[in-house]
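Take a look at the structure below.
Hydrogens, waters and symmetry mates are skipped; everything else that's a heavy atom, side chains included, is used.
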Amino acid sequence: MQRLALFDLDNTLIDRQAAFHAWAEEFVTDRGLDDKALTWLIVTDAHTSGSRGPFFAAVRDAFALTQAAEDLWQQYRRRMPELVSCRAEDLDALQQLRSAGWRIGIVTNGMTDNQQGKIRRTGLDALIDAWCISDEVGIRNA
């Protein structure tokens, strides 16, 4: 019998919170915002699930930005894959699973380009057999 291990991506295999925090710090610095803005971004992100579109509309409104929410979201999607990382011990554990004959997959919510970018940027693509991204298949896991 083939053994299969499925993992979530964000905040399981990669540290999405740390990447988001790095993005938020850049965002605040680039726009000359203060520490209250950074706190607002982090707290609001923590209380937001699902599509990021409404989050970026709230960001635009909260900071009276002239840039379209869609543009903010696109910039975020391009930048986040560059900010993510995997812990070395997690990469090692995945390699050990593969060496023991396990098949490994990732099942994750999110936009296809963004999630694939994270998988490739971290080197997870070389350690797993397949991935399923909610945007790509038109469903959202719970």
Side-chain angles (χ1 to χ4, degrees), residues 1-63 65 67-142:
M1 173 170 57
Q2 179 67 57
R3 295 178 290 180
L4 173 66
L6 299 174
F7 295 93
D8 186 27
L9 183 62
D10 292 315
N11 292 324
T12 301
L13 293 177
I14 64 165
D15 190 347
R16 185 218 172 259
Q17 287 176 315
F20 182 86
H21 194 100
W23 172 86
E25 287 176 341
E26 288 179 1
F27 184 87
V28 166
T29 299
D30 291 349
R31 287 163 178 78
L33 301 172
D34 60 17
D35 287 342
K36 287 182 184 179
L38 178 61
T39 300
W40 185 93
L41 287 165
I42 292 168
V43 169
T44 303
D45 175 67
H47 291 92
T48 302
S49 63
S51 171
R52 300 273 85 189
F55 171 80
F56 285 100
V59 169
R60 181 201 59 223
D61 295 345
F63 304 115
L65 302 174
Q67 195 171 9
E70 179 67 23
D71 292 342
L72 295 170
W73 188 27
Q74 294 303 321
Q75 289 172 351
Y76 166 85
R77 288 175 53 202
R78 282 190 299 275
R79 183 68 176 128
M80 276 298 281
E82 299 168 354
L83 298 171
V84 298
S85 63
C86 291
R87 296 177 337 147
E89 52 267 37
D90 292 337
L91 295 172
D92 184 55
L94 291 173
Q95 185 59 51
Q96 289 178 36
L97 277 174
R98 286 185 65 82
S99 295
W102 284 75
R103 304 287 302 241
I104 302 171
I106 293 174
V107 180
T108 185
N109 288 321
M111 302 299 291
T112 302
D113 60 342
N114 193 260
Q115 298 302 71
Q116 283 180 351
K118 292 174 187 178
I119 291 167
R120 290 187 174 108
R121 164 70 169 84
T122 56
L124 286 167
D125 59 330
L127 295 173
I128 64 171
D129 297 291
W131 60 72
C132 179
I133 301 170
S134 63
D135 175 57
E136 199 166 36
V137 296
I139 59 172
R140 182 173 172 82
N141 65 21

(request) Using the test side chain to side chain donor-acceptor pair (under 3.5 Å), find all partners of Glu26 that sit at least two apart in sequence or belong to another chain. (result) Arg79
(request) For residues Met111 and Glu136, determine if any side-chain heavy atom of one lies less than 4.5 Å from a side-chain heavy atom of the other. (result) no
(message) Using ring centroids (six-membered ring only for Trp), state whether Trp73 and Phe55 fall under 6.0 Å.
(response) no
(message) Closer than 3.5 angstrom, by distance alone: can the side chain of Arg78 be matched with the main-chain N or O of Asn114 as a donor-acceptor pair?
(response) no
(message) Tell me whether Gln17 at atom CD has more than 12 heavy atoms from other residues, nucleotides or ligands lying less than 6.0 Å away.
(response) no
(request) Say whether, by atom type as modelled, one donor and one acceptor occur between the side chain of Arg121 and the main chain of Glu82 under 3.5 angstrom. (result) yes
(message) Taking Arg87 first and then Asp15, would you say they form a salt bridge - that is, a charged N and a carboxylate O separated by under 4.0 Å?
(response) no
(message) Can you confirm whether more than 12 heavy atoms, excluding those of Asp61, are under 6.0 Å from its CG atom?
(response) yes
(request) For Pro81 and Gly117, work out which heavy atoms get closest and say how close. (result) CB-C, 3.6 Å
(request) Side-chain contact test, heavy atoms from C-beta onward, threshold under 4.5 Å: evaluate it for Lys118 versus Asp10 and give yes or no. (result) yes
(message) I'd like to know whether Trp40 forms a side chain to side chain contact (heavy atoms under 4.5 Å, CB included) with Val59, so could you lay out the CA-CA distance, the side-chain angles of the two residues, the decisive distance to 0.1 Å, and finally the verdict.
(response) CA-CA 9 Å; Trp40 185 93; Val59 169; 3.8 Å; yes
(message) When you compare the side chain of Gln67 with that of Arg60, does any pair of heavy atoms fall below 4.5 Å?
(response) no
(request) Assess whether side chain to side chain contact (heavy atoms under 4.5 Å, CB included) is satisfied between Asp34 and Val28, documenting all intermediate values. (result) CA-CA 7 Å; Asp34 60 17; Val28 166; over 6 Å; no
(request) Find the distance between CG (Leu91) and OG1 (Thr122) and round it off to the nearest 0.5 Å. (result) 7.0 Å
(request) To the nearest 0.5 angstrom, please state how far the CD atom of Gln116 sits from the CG atom of Leu124. (result) 13.0 Å
(message) Between Trp102 and Arg98, is there a side-chain heavy-atom distance shorter than 4.5 Å?
(response) no
(message) Determine whether a donor-acceptor pair (N or O, by modelled atom type, separation under 3.5 Å) exists between the side chain of Asp129 and the backbone of Ile104.
(response) yes
(message) Could you check whether Asp92 and Gln96, counting side-chain N and O atoms only, form a donor-acceptor pair closer than 3.5 Å?
(response) yes
(request) For residues Asp135 and Gly110, report the shortest heavy-atom separation together with the two atoms involved. (result) CB-O, 2.9 Å
(message) Can you tell me which residue among Asp8, Asp45, Leu83, Val84 is in a side-chain contact (heavy atoms from CB on, under 4.5 Å) with Arg16?
(response) Asp45
(request) Check each of Ile128, Asp125, Thr12, Leu127 against Ile106 using the side-chain contact (heavy atoms from CB on, under 4.5 Å) test, and report the only one that passes. (result) Ile128
(message) Between Trp23 and Phe20, is the ring centroid distance below 6.0 Å?
(response) yes
(request) State the CG-CZ distance between Leu94 and Phe7, to the nearest 0.5 angstrom. (result) 5.5 Å
(request) Might you work through the side chain to side chain contact (heavy atoms under 4.5 Å, CB included) test for Leu9 and Trp131, ending with a clear yes or no? (result) CA-CA 10 Å; Leu9 183 62; Trp131 60 72; over 6 Å; no
(message) Looking at every heavy atom in both Ile14 and Cys86, which two are closest together, and how far apart are they?
(response) CG2-SG, 3.6 Å
(message) If we count only N and O atoms by modelled type, under 3.5 Å, do the side chains of Gln115 and Thr108 hold a donor and an acceptor together?
(response) yes
(message) Which heavy atom of Arg31 sits nearest to which heavy atom of Leu72, and what is that distance?
(response) NH2-CD2, 3.7 Å
